[in-house]
Amino acid sequence: MATSCVVALSLMLGVAAGQDSAAAETSTETNQNDGEQSPKELMKVTEIEGISEYKLENGVRVLLFPDDSKEVVTVNMTVFVGSRHEGYGEAGMAHLLEHMLFKGTPAHPAIPKDLTERGANFNGTTWVDRTNYYETLPAGEDNLRFALELEADRLMNSFIKGEDLESEMTVVRNEFERGENSPFRVLMQRMQSAAYDWHNYGQSTIGNRSDIERVPVVSLRRFYRKYYRPDNILLIVAGKFDESSAIEMIGDTFGDLVAPDTPIDPTYTTEPPQDGERTVVLRRVGDVQLAGATYHVPSGSHPDFAAVKALSIVLGDEPSGRLYKNLVETEIASNVYALAYAFAEPGLLMAIAEVPEDHSIETARAELIAVLEDSFEENPITEQEVERAKQQILKQRELEAANTDKLAVSLSEWAAQGDWRLYFLFRDVVEELNAEKVRQAAQKYLVRNNRTVGLFIPSDNAQRVEIPESPDLLAKLKDYKGRDTIQAGEQFDPDPIKIEERTLRGTLDNGIEYALLPKQTRGGSVALYLTLRFGTAETMIDRLGAVELLGILMARGTESLDYQALQDELTRLRAEMQLYSTPGLLQLSLKTKREYLGDVIALVGDVLRHPRLSGDELEVIKRQVVTGLQQSASEPTALAARAVKRELSPYGKDDIRYVQTLDEEIEMYQSVTIDEVKSLYAELVGGNIGELSIVGDFDADEMKSQIEGILSGWESDVPYVRVDRPANSDADGSLATINTPDKANAFFYSSLQMDLADTDPGYAPLVLGNFILGGGGLSSRLADRVRQQEGLSYTVRSGLSARAKDDRVDLTIYAITNPENKDRLMEAMREEIVRLRDGGVTEDELAKAKSAYLQAERVRRANDGSLASELIQTMFLDRTMQAAAEHDRRIESASVESVNEAIRRYIDWEKLIKAVAGDFESEATEQ
């Protein structure tokens with residue numbers, strides 16, 4: 001709910017919105033009696049675990065979270081307004097306004113362009129209780145001041161022009177239509193809507209089509225002025241910065257903002273107890289059935305929510321979850337999901353099952369409800385189930401805590417629920433959970449009359465579930481101190497040359513190349529990549545399905561640990577592991593902490609050397625993969641991309657590089673046998689050809705020795721021979737039109753392949769040309785024309801990908817749009833490419849593109865996982881980070897002439913292989 005000036009100030013001292021006014025007034029009087037505070041002076045409120053809270057006299061709340069371990073700084077401004085605050089005719093207004101705040105102010109008329117030129121990762125998001133604006137930039141006082149000035153400026157001075165609304169309305173409508181393409185998302189929204197009679201949590205954040213299309217700009221401005229004010233925000237600065245300088249800058253940029261005299265009226269609607277099961281039925285084109293159930297649960301700040309969150313994991317986890325075991329393993333459903341929404345006011349627990357089209361949805365619905373409502377009496381929740389759920393929650397928190405930008409967003413989410421310190425209090429409550437508390441939550445909330453599903457079932461007896469109100473946060477958090485501050489990381493320069501100077505390279509005794517970069521990281525985090533290369537085109541051609549499923553199956557257990565036990569070990573060791581395979585490549589990625597690294601590597605050795613390769617698990621995986629493919633059978637995004645890739649592929653079915661039809665791919669996966677997978681693993685896979693990279697807090701000698709140990713003596717008799725994939729540069733331009741009935745959103749996809757090495761003098765200029773065309777986010781030419789000016793698409797981009805071993809570069813251009821706008825979209829894109837080819841880029845445009853691209857590269861390399869991925873790629877290409885430095889120098893030295901020459905030579909609308917998919921027949925009939 002919205003907070004008034006009085007309540008907003010009180011929140012900073014721990015008072016929750018909606019608390020009685022006498023307590024709020026007391027806090028306000030205390031603040032007024034301070035008297036000595038300058039309007040620009042930040043007064044410290046509290047500090048917990050390295051995070052400091054401050055406030056300004058005008059009501060601005062501030063969190064400072066220094067972390068010197070990464071060369072980036074994140075500024076996050078949270079405005080406490082979301083779909084919960086919207087009135088009649090305002091559905092989607094908070095989200096639409098978020099879009100409009102990227103349209104500029106008098107001082108910052110081109111916000112996306114300004115952010116892109118500084119190499120920022122940025123976005124805005126809207127949810128039920130809040131709207132977030134954030135940017136992560138290369139660390140530096142100039143960038144920090146820029147971000148603070150920008151957020152203070154657009155908080156108060158955004159244009160909100162009628163002409164901008166006209167174009168952005170169609171962009172938001174396009175985003176709405178994209179969601180309408182997904183039966184899964186629509187069913188979730190329909191259930192949520194049906195579950196609420198009065199509360200705005202039943203209203204979709206993106207809004208309804210008529211309100212999006214018809215909202216008057218004067219109403220949008222009024223909504224903006226009501227909620228966008230200094231006493232209704234939380235500002236978070238996280239990353240590498242000087243705290244005293246940041247405090248001064250925040251005072252300079254936000255201290256003079258004036259809060260209106262009129263307070264914000266708080267929302268006060270309380271959803272009454274549900275007094276009977278409810279029904280919602282969705283009938284749309286699709287290939288996979290869905291059965292779901294949702295239940296009202298307490299707010300995120302209520303002590304019961306931790307038990308509800310754990311309950312969602314007990315139900316929906318894979319493979320231990322009760323829904324997984326009772327629906328997926330029994331072949332009633334192919335996938336199950338369970339989640340619990342943490343809102344400021346009472347929210348929902350939701351569970352959904354994906355049911356193959358040839359299975360009974362009635363059986364799935366009945367079993368889903370039986371598991372949710374009846375299984376806990378017959379089969380009580382165990383301490384093991386609860387401990388597993390607790391550890392998963394805590395693992396995710398610990399891994400998230402290593403990334404200050406992600407932690408900043410999490411803190412803002414909890415702040416929107418009442419107070420940022422709930423982030424830590426929730427952890428404490430989770431740690432105290434036991435089976436009895438989770439059982440009580442299930443018994444209280446997962447009952448028939450609190451249920452919304454797809455069928456109506458009459459009831460003779462009424463049953464009401466009283467959902468408790470959000471607690472008094474002032475009392476709960478008054479004396480809360482938190483715990484010790486997490487270990488800080490070292491300052492790290494992401495310059496490629498500096499990275500190479502610190503990287504230890506060599507070859508393990510068994511032949512695996514390595515690149516190791518030890519450094520002190522926040523929380524002792526470690527990122528690892530290991531690639532093992534295997535097979536030849538001839539030895540893989542007849543078992544491609546087994547090749548593709550091998551990695552997924554290996555991650556489902558070892559000879560000594562089944563799928564559940566393996567997941568439990570990864571959770572205990574605070575590790576995230578992913579294993580996947582493609583023709584010729586088995587790649588493992590890992591994220592953990594130094595204290596667990598030795599045990600995690602031993603576990604990885606068990607996974608690689610002694611995989612369980614279970615036939616039962618293979619059948620589950622096959623059903624999941626096939627179900628996903630069946631879902632894509634009517635999905636414009638999948639169909640358009642596949643059509644283009646097939647057109648660009650010059651290979652026949654007897655070639656491993658052949659691009660299959662959807663039916664062929666489904667048949668391939670359905671025919672895979674466990675014996676086929678086992679023989680593939682035994683004959684082709686070994687641990688002597690590949691690459692290893694590790695970045696983070698570890699001992700290099702220990703890691704080399706341990707990894708040599710787990711891979712020692714593991715070789716295949718079949719030599720590895722890479723499959724070349726040269727460019728098909730002779731393909732003629734074409735356009736395929738694919739009709740997908742009942743899909744509100746259309747997708748355009750195009751691509752072409754070039755004979756071009758990434759070391760060629762023309763490559764760096766082409767990178768810049770693509771960046772200016774459509775690779776620079778909202779500030780690119782395509783985005784400016786198609787999205788900003790004409791409102792034809794929510795997403796429009798171009799991209800380059802280089803396959804260095806093949807001296808090949810691929811260009812892709814894609815966009816989403818309303819089906820009726822497909823011709824306008826393609827014509828606008830064609831015109832922009834022609835204009836770029838004919839008119840070229842300007843000196844100023846090129847200078848800004850260079851700066852933005854190079855700064856974005858620094859931001860990317862500040863992420864340990866991204867850097868580990870880049871290091872492993874250098875070894876495969878027989879390079880060092882010197883190659884990246886040389887590429888950056890070529891970017892910096894590129895001239896207008898060289899960029900324009902690259903554009904004219906390589907970017908040609910007529911040569912693109914194009915496909916557009918959508919519901920064009922319905923659109924033609926309506927016209």
- Item | Ion pair Lys704/Glu708, N-O distance below 4.0 Å | no
- Task: Specify the closest pair of heavy atoms between Leu544 and Ile656, including all atoms of both residues, with the distance to one decimal.
- Result: CD2-CG1, 3.6 Å
- Query: Does the distance from a Lys or Arg side-chain N to an Asp or Glu carboxylate O, for Arg594 and Glu702, drop under 4.0 Å?
  - Reply: no
- Message: With a 4.0 Å cut-off on N to O distance, would you call Lys325 and Asp616 a salt bridge?
- Response: no
- Message: On a heavy-atom basis, which atom in Ser693 and which in Leu871 lie closest, and how many Å separate them?
- Response: CB-CB, 4.0 Å
- Message: Using every non-hydrogen atom in the two residues, find where Pro611 and Tyr681 come nearest and quote the distance to one decimal.
- Response: CD-OH, 3.4 Å
- Item | Stacked cation flag Lys622 on Tyr669, 6.0 angstrom / 45 deg | no
- Going through the distances and angles, do Glu595 and Arg574 end up as a salt bridge (charged side-chain N to carboxylate O under 4.0 Å, His left out)? CA-CA 10 Å; Glu595 60 191 287; Arg574 299 301 189 261; over 6 Å; no
- Identify whether the distance between the nearest side-chain nitrogen and carboxylate oxygen of Glu385 and Arg388 falls below 4.0 Å. no
- Just do the salt bridge (charged side-chain N to carboxylate O under 4.0 Å, His left out) check on Glu490 and Lys70 with the steps written out, would you? CA-CA 8 Å; Glu490 65 172 275; Lys70 294 183 174 66; over 6 Å; no
- Message: I'd like to know if Glu431 pairs up with Lys390 as an ion pair, taking the criterion as any Lys NZ or Arg NE/NH1/NH2 lying under 4.0 Å from an Asp or Glu carboxylate oxygen.
- Response: no
- Message: Using every non-hydrogen atom in the two residues, find where Met540 and Gly535 come nearest and quote the distance to one decimal.
- Response: CE-C, 4.1 Å
- Side-chain ion pair, Asp806 and Arg722, N-O less than 4.0 Å: yes
- Establish, from distance only, whether the side-chain atoms of Thr880 and Thr874 form a donor-acceptor pair under 3.5 Å. no
- Message: As an exercise, state the distance from CD of Gln567 to CG of Leu570, rounded to the nearest 0.5 Å.
- Response: 5.5 Å
- Item | SB check Glu49 Arg427 (cutoff 4.0 Å) | yes
- Could you verify whether a donor N or O on one side chain and an acceptor N or O on the other, from Gln587 and Ser581, lie under 3.5 Å apart? no
- Query: Does the side chain of Gln396 pick up a donor-acceptor pair with the side chain of Gln392 at under 3.5 Å?
  - Reply: no
- Task: Apply the test side chain to side chain contact (heavy atoms under 4.5 Å, CB included) to residues Ile512 and Ile707: give CA-CA distance (whole Å), side-chain angles for both, the deciding distance (0.1 Å), then the verdict.
- Result: CA-CA 10 Å; Ile512 296 292; Ile707 291 174; 5.9 Å; no
- Message: Quick check: closest heavy atoms across Gln660 and Arg642, and the distance to 0.1 Å?
- Response: O-NH1, 2.9 Å
- Is it true that Glu857 and Arg860 have a side-chain N and a carboxylate O under 4.0 angstrom from each other? yes
- Whether over 12 other heavy atoms sit under 6.0 Å from Lys406 NZ: no
- Query: Do Thr539 and Thr536 have side-chain N/O donor and acceptor atoms under 3.5 Å apart?
  - Reply: yes
- Task: For residues 667-686, pull every pair meeting salt bridge (charged side-chain N to carboxylate O under 4.0 Å, His left out), keeping only residues two or more places apart or in separate chains.
- Result: Arg543-Glu683
- Identify the heavy atoms of Asp864 and Ser525 that sit nearest to each other, and give their distance. OD2-OG, 4.1 Å
- Query: Would you call Asp655-Lys653 a salt bridge at under 4.0 Å N-O?
  - Reply: no
- Item | Steps toward salt bridge (charged side-chain N to carboxylate O under 4.0 Å, His left out) verdict (Glu398, Lys593) | CA-CA 9 Å; Glu398 291 180 23; Lys593 303 171 70 174; 3.3 Å; yes
- Query: Charged N to carboxylate O below 4.0 Å: is that the case for Arg505 and Glu513?
  - Reply: no
- Note on the structure: Rounded to the nearest 0.5 Å, the CZ atom of Phe698 sits from the CD1 atom of Ile601 at a distance of 10.0 Å
- Item | Row check, Phe876 ring normal vs Lys805 NZ/CZ: under 6.0 Å, within 45° | yes
- Query: Which pairs pass ring-ring contact (aromatic ring centres under 6.0 Å, His included) with one or both residues in residues 317-338, sequence neighbours excluded?
  - Reply: Phe184-Tyr337
- Query: Does the side chain of Gln873 come under 3.5 Å of the side chain of Arg879 through a donor N or O and an acceptor N or O?
  - Reply: no
- Quick one: does Leu407's side chain get under 4.5 Å of Arg522's, heavy atoms only? yes
- Note on the structure: Value for CD (Gln578) from OH (Tyr529), rounded to nearest 0.5 Å, stands at 7.5 Å
- Query: Going by atom types only, do Gln624 and Asn335 share a side-chain donor-acceptor pair under 3.5 Å?
  - Reply: yes
- Message: Has Lys437 got a side-chain atom pairing as donor or acceptor with Glu432's backbone, closer than 3.5 angstrom?
- Response: yes
- Query: For Arg861 and Asp495, what are the C-alpha separation, side-chain angles and deciding distance, and is it a salt bridge (charged side-chain N to carboxylate O under 4.0 Å, His left out)?
  - Reply: CA-CA 8 Å; Arg861 292 187 183 115; Asp495 176 81; over 6 Å; no
- Query: More than 12 foreign heavy atoms under 6.0 Å from CD of Gln882: is that the case here?
  - Reply: yes
- Message: Any carboxylate oxygen within less than 4.0 angstrom of a Lys/Arg side-chain nitrogen, looking at Glu501 and Lys498?
- Response: no
- Message: If you apply the rule side chain to side chain donor-acceptor pair (under 3.5 Å), what do you find for Thr558 with Asp606, and how did you get there?
- Response: CA-CA 6 Å; Thr558 71; Asp606 197 23; 2.9 Å; yes
- Establish, yes or no, whether the cationic atom of Arg397 lies under 6.0 Å from the six-membered ring centre of Tyr423 and within 45° of the ring axis. yes
- Query: Does atom CD of Glu329 have more than 12 heavy-atom neighbours, drawn from other residues, nucleotides or ligands, at distances under 6.0 Å?
  - Reply: yes
- Considering only NZ, NE, NH1 and NH2 on the basic side and carboxylate oxygens on the acidic side, decide whether Arg657 and Asp724 come within less than 4.0 Å. no
- Message: Applying side chain to side chain donor-acceptor pair (under 3.5 Å) to Thr136 and Thr74, what does each step give before you reach the verdict?
- Response: CA-CA 4 Å; Thr136 298; Thr74 296; 2.7 Å; yes
- So does Lys240 pair up with Glu71, basic N to acidic O under 4.0 Å? yes
